[in-house]
2 protein chains.
Amino acid sequence: MYDVAERSGVSIATVSRVYRNPDSVRAQTRERVLEAARELGYVPSGNARGLASRTTGVLGLCFPDYADPDAEADAENDSGADDAAMLYSDQIIRGMERAARRHGYALLIAASLQGGPESLVAKVAGRVDGFAVLAQTVPTEDLEVISRRLPVVMLAGPREIDHLDHLVVANAAGERELTRHLIEDHGLRRLAFVGGDPDSPDAEARFRGFREACGDAGLPVPEAPDLRTGMMTRAEGARAAETLLDRGGERPDAMVFANDQMAVGALRALERREVRVPEDMAVTGFDGIPLSRIVRPSLTTVRQPIRQLGEQAVELLVQRLADPSREPVSLELPVSLARRASCGCG
Amino acid sequence: MYDVAERSGVSIATVSRVYRNPDSVRAQTRERVLEAARELGYVPSGNARGLASRTTGVLGLCFPDYADPDAEADAENDSGADDAAMLYSDQIIRGMERAARRHGYALLIAASLQGGPESLVAKVAGRVDGFAVLAQTVPTEDLEVISRRLPVVMLAGPREIDHLDHLVVANAAGERELTRHLIEDHGLRRLAFVGGDPDSPDAEARFRGFREACGDAGLPVPEAPDLRTGMMTRAEGARAAETLLDRGGERPDAMVFANDQMAVGALRALERREVRVPEDMAVTGFDGIPLSRIVRPSLTTVRQPIRQLGEQAVELLVQRLADPSREPVSLELPVSLARRASCGCG
DNA sequence: CAGAGTGATGTATGCGCTTACAGGCAGCGC
DNA sequence: GCGCTGCCTGTAAGCGCATACATCACTCTG
């Protein structure tokens with residue numbers, strides 16, 4: 001910047017003004033400065049700018065590291081063991097990037113590794129004006145500290161820190177509505193719920209919704225999912241479907257999966273076993289991923305507005321940046337039931 | 001930081017050392033400092049740190065804004081008009097994030113809007129140690145200037161600036177191999193190529209490969225694609241397929257699409273028209289998106305290592321950061337043919 | 001027990017920018 | 001001609017940290 005100032009015969013203040021507030025500089029002077037900047041290959045330092053102005057123009061996102069980065073990514077394996085988590089994060093990233101851009105922010109993303117003062121989380125926190133955190137990616141105590149200095153919004157999961165803005169989708173309500181549909185509209189009675197990791201708040205909330213619907217309908221309310229898988233992937237879903245088929249006792253007439261990936265895997269498995277869907281068995285998912293529309297039979301599911309989750313997160317951050325004293329909010333984004341072929345609709 | 005120093009009775013230098021170089025501080029002192037930091041909610045300023053150390057620990061990515069951020073995102077529309085571009089960007093983001101993380105970097109992403117000194121590109125450039133640019137997202141002249149100050153790697157597209165590192169996938173070679181397969185192994189002769197936007201370097205390179213294969217086999221070499229679509233989406237692919245069917249003259253025996261999205265759309269359209277795939281018509285795509293494996297018939301395509309593209313971009317940046325004098329390279333990442341049902345294999 | 005050596009800590013400077021404030025310089029009415 | 005008003009530009013003081021160098025308290029060696 002000093003070089004640019006010298007070369008164009010002005011002071012550094014003028015150079016700064018050319019970038020910060022072009023109208024306050026005479027057009028002729030401005031041109032001289034820009035010309036010099038071009039010749040010198042001048043790139044304003046975001047660091048210095050941020051330091052002086054106490055703002056970065058960047059928002060952040062911490063999400064779980066969906067895969068070991070050291071694991072060899074073999075080209076042949078496109079089965080996507082970690083598809084579920086990745087799709088989820090991708091959508092949030094998209095949503096946030098969009099909304100951030102609309103507000104003139106860039107987006108800094110980092111999958112959180114283990115904590116410690118020199119973790120990526122700390123790096124993100126130090127370089128942004130505010131950021132969003134996917135549940136269970138950052139230790140609560142770190143968040144506690146960081147959130148005293150800048151806006152943080154928590155996505156999904158329980159609201160661990162009550163002075164933070166918090167955003168969830170209506171997992172329970174959605175699953176409840178879906179289950180009600182199966183019971184009341186299709187007359188199904190023997191529903192099997194396939195959950196995921198007990199640590200997944202989303203999956204657990206969905207199970208809660210499932211239970212509520214069972215209770216509403218006067219059906220027995222299960223204590224725990226009929227089956228839990230670890231990964232919530234297609235492969236696990238397929239295995240779960242087979243396990244349920246092979247189990248003794250009366251065969252269920254519907255399999256309710258905690259997400260779409262598993263449900264899609266189940267559809268394949270049922271096809272192999274020559275169990276007709278939906279005639280012999282209804283199958284449902286949760287999420288509304290693109291694939292759910294494309295598989296045959298198309299999958300009845302609950303559309304989750306993941307991208308909006310990201311967009312809304314940015315909105316909350318921007319709001320709080322504008323008014324730091326605003327009361328913390330906890331929003332639940334609505335979901336919508338997609339009735340399709342796999343439950344007997346459409 | 002001054003507050004932390006005061007509270008823990010040390011100098012700011014010691015506080016700095018606690019974070020930068022913990023071992024150089026007595027364990028007892030270190031604890032006192034960390035304790036004070038916790039109490040005060042201290043978050044080191046990335047800006048100041050970056051300013052003083054002349055490095056940010058952040059890498060950047062500029063990608064095309066795949067959709068107007070002001071457009072209403074309606075929940076019901078999950079047909080994904082912009083799926084193609086988004087998937088592509090998502091994968092690159094994933095790849096870069098992974099590799100960046102492995103090297104201890106965070107990733108700053110921004111879809112490039114129009115240029116100008118205050119564009120997001122400038123913001124990104126000022127806040128990172130190096131960054132990657134997807135072809136045609138940043139004006140060449142801007143890149144020219146920026147690349148004099150920090151490492152830039154160009155992804156896909158032609159190599160517009162020859163002192164930059166440059167990364168492409170083997171579009172032409174892949175399409176050539178695919179086309180050769182259709183001609184030689186399946187004995188097809190009337191191939192129709194459906195391209196996309198003439199401005200898409202990828203699509204054009206693929207068409208080049210297609211032409212080469214035609215030439216190799218002694219078939220007539222088309223001047224231009226039999227059809228071009230604007231968006232390269234499923235909907236466009238479906239329309240293209242119908243157009244080709246309805247066209248007078250001899251019906252083709254293979255439709256070669258410039259990407260998977262269009263090919264998948266075409267599969268649906270052909271199904272509706274009761275054209276059997278692959279018996280009556282072979283269909284191929286390009287990209288190897290997950291969906292290509294899942295549709296029925298599964299889609300013969302060329303697997304493109306998009307994620308590796310992102311990873312490799314980071315590797316190049318890291319290398320150049322380590323050795324700024326390294327000769328600029330231009331790498332072509334290999335692709336692989338996925339022979340599946342839609343061409344008559346598998 | 002002096003002097004050298006070692007490890008822990010403090011001092012002070014500068015990283016490149018923003019911005020309040022202070023000129024300088026026209027044009028204006030009187 | 002004088003003081004005023006506005007517009008443009010320059011001056012200078014930080015922003016919060018890293019780090020070279022200075023300092024200090026010790027331990028060790030002979």
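We name chains A, B, ... by the order of the sequence lines, and we start the count at 1 in each one. Below, all heavy atoms of this structure are taken into account, side chains as well, without hydrogens, waters or symmetry copies.
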For atom CG of B/D23 and atom P of C/dT9, their distance in whole Å: 13 Å

Toward the 5' end of DNA chain C, by each residue's nearest nucleotide, A/N47 or B/S11: B/S11

Distance in angstrom units between A/R54 CZ and D/dG14 C1', rounded: 8 Å

Short N-O contact, B/E35 and B/R32, less than 4.0 angstrom: no

Phosphate contact (C/dA8 OP1 or OP2) by B/T29 side-chain N/O below 4.0 Å: no

With B/E315, the salt bridge (charged side-chain N to carboxylate O under 4.0 Å, His left out) member among B/R98, B/R102, B/R326: B/R102

Short N-O contact, A/R101 and A/E97, less than 4.0 angstrom: yes

Side-chain N or O of A/R26 closer than 4.0 Å to phosphate OP1/OP2 of D/dT9: yes

Please write out the pairs of protein N or O atoms and N or O atoms of nucleotides 17-26 of chain D separated by less than 3.5 Å, giving the distance to one decimal.
from: D/dC17; atom 1: OP1; to: B/Y42; atom 2: OH; distance (Å): 2.7
from: D/dC17; atom 1: OP1; to: B/S45; atom 2: N; distance (Å): 3.1
from: D/dC17; atom 1: OP2; to: B/M1; atom 2: N; distance (Å): 3.2
from: D/dC17; atom 1: N4; to: B/Y2; atom 2: OH; distance (Å): 3.2
from: D/dA18; atom 1: OP1; to: B/R49; atom 2: NE; distance (Å): 2.8
from: D/dA18; atom 1: OP2; to: B/S16; atom 2: OG; distance (Å): 2.3

Spacing of A/D3 atom CG relative to C/dG16 atom C1', expressed in whole Å: 11 Å

Lys/Arg N to Asp/Glu carboxylate O, A/E144 vs A/R148, below 4.0 Å: no

Atom-pair distance (CZ on A/R32; C1' on D/dG10), nearest Å: 14 Å

Integer-rounded Å distance: D/dC8 P and A/Q28 CD: 12 Å

Protein-nucleotide distance (A/R30, atom CZ; D/dC7, atom C1'), rounded to Å: 14 Å

Donor + acceptor pair across side chains of A/D202, A/S200 (<3.5 Å): no

Heavy-atom check, side chain of A/L331 versus side chain of A/V168, under 4.5 Å: no

